[in-house]
Amino acid sequence: MKTKIMAVTFVLAALTVAGSAHADDYKKNYCSNQAYVAGASKYPHLHCDKDFFVYSSSSSKHTDMARGDVQYCSNTRAVLDEIKALGPTKIIGYNDVLNDTLAFARVYCKKE
């Protein structure tokens, strides 16, 4: 009986630890702890929070690079291509937007 109780307790503890694991804090680690990189009213910009990392090219077009613990590397590569194509004359805060996206890509989207 004691071994069953201990086994159940162990399983419940393991599930609690696994369930509390959280994705990277994207806002803190890739956006200098800011909700927006390049400004909320300026497009394009990065929109960041603890559990998402999004490139907004307009008020109606948003590209997820990460949601929770899922990263979208094909989206990230497309975003990097767009940022580079637009260049510093079309993106306010170009270096910050580019460097933050590159930092994210280096961690999650290493080419095979």
Side-chain angles (χ1 to χ4, degrees):
M1 180 74 164
K2 282 185 179 180
T3 48
K4 284 185 180 180
I5 292 172
M6 288 176 63
V8 169
T9 303
F10 177 76
V11 169
L12 289 175
L15 289 174
T16 301
V17 170
S20 67
H22 192 271
D24 201 352
D25 185 339
Y26 303 111
K27 180 178 174 183
K28 178 181 172 189
N29 295 327
Y30 305 105
C31 297
S32 302
N33 217 24
Q34 302 175 70
Y36 298 93
V37 175
S41 62
K42 310 273 192 262
Y43 291 94
H45 65 245
L46 298 176
H47 188 186
C48 314
D49 206 330
K50 183 175 183 170
D51 62 349
F52 65 81
F53 189 57
V54 175
Y55 175 76
S56 299
S57 55
S58 70
S59 61
S60 61
K61 186 173 182 237
H62 311 283
T63 304
D64 287 355
M65 292 182 280
R67 285 264 170 208
D69 61 355
V70 178
Q71 295 78 34
Y72 303 99
C73 291
S74 61
N75 289 357
T76 302
R77 289 184 187 101
V79 164
L80 282 167
D81 289 345
E82 182 174 322
I83 292 168
K84 291 173 184 176
L86 291 172
T89 59
K90 302 278 186 183
I91 299 176
I92 296 172
Y94 171 80
N95 287 329
D96 292 334
V97 172
L98 177 63
N99 290 333
D100 291 349
T101 306
L102 281 170
F104 172 83
R106 283 185 199 112
V107 171
Y108 291 107
C109 302
K110 298 173 184 157
K111 291 192 178 194
E112 288 86 41

Of all heavy-atom pairs between Gln34 and Lys27, which one has the smallest distance, and what is that distance?
-> O-CG, 3.4 Å
For a quick test of your reading: what N or O donor-acceptor pairs under 3.5 Å do the side chains of residues 85-102 make, sequence neighbours left out?
unit_1, atom_1, unit_2, atom_2, d
Asn99, ND2, Asn95, O, 3.0
Thr101, OG1, Val97, O, 2.8

Sorted by chain and number, sequence neighbours left out, side chain to side chain donor-acceptor pair (under 3.5 Å) with Tyr36 holds for His47
Separation between NZ (Lys61) and OG (Ser56), nearest 0.5 Å, reads 10.0 Å
Would Val37 and Phe52 show up in the same hydrophobic cluster when neighbours are defined by side-chain heavy atoms closer than 4.5 Å?
-> no
Starting from the C-alpha separation in whole Å, work towards a yes-or-no answer on side-chain contact (heavy atoms from CB on, under 4.5 Å) for Arg67 and Asp64.
-> CA-CA 7 Å; Arg67 285 264 170 208; Asp64 287 355; 3.0 Å; yes
Counterpart residues, side chain to side chain contact (heavy atoms under 4.5 Å, CB included), relative to Lys28 (two or more places apart) = Asp25, Asn33
Smallest separation among heavy atoms of Ala38 and His45, with atom names = CB-CB, 4.0 Å
According to a 4.5 Å side-chain heavy-atom criterion applied to Ile, Leu, Val, Met, Phe, Trp and Tyr, with indirect links allowed, do Tyr108 and Leu46 form part of one hydrophobic cluster?
-> yes
Using side chain to side chain donor-acceptor pair (under 3.5 Å) as the criterion, list what pairs up with Asn29, not counting sequence neighbours.
-> Asp24
Just how far is it from atom OG of Ser74 to atom CE of Met65, taken to the nearest 0.5 Å?
-> 12.0 Å
Applied to residues 44-84, the disulfide (SG to SG under 2.5 Å) test, sequence neighbours excluded, yields Cys31-Cys48, Cys73-Cys109
Should Val107 and Ile83 be regarded as members of a common hydrophobic cluster, given that ILVMFWY residues are connected when their side-chain heavy atoms come within less than 4.5 Å of each other, either directly or indirectly?
-> yes
Do you know the tightest heavy-atom contact between Ser57 and Pro44?
-> CA-CB, 3.8 Å
Pairs satisfying ring-ring contact (aromatic ring centres under 6.0 Å, His included), at least one member in residues 53-79, at least two apart = Phe53-Phe104
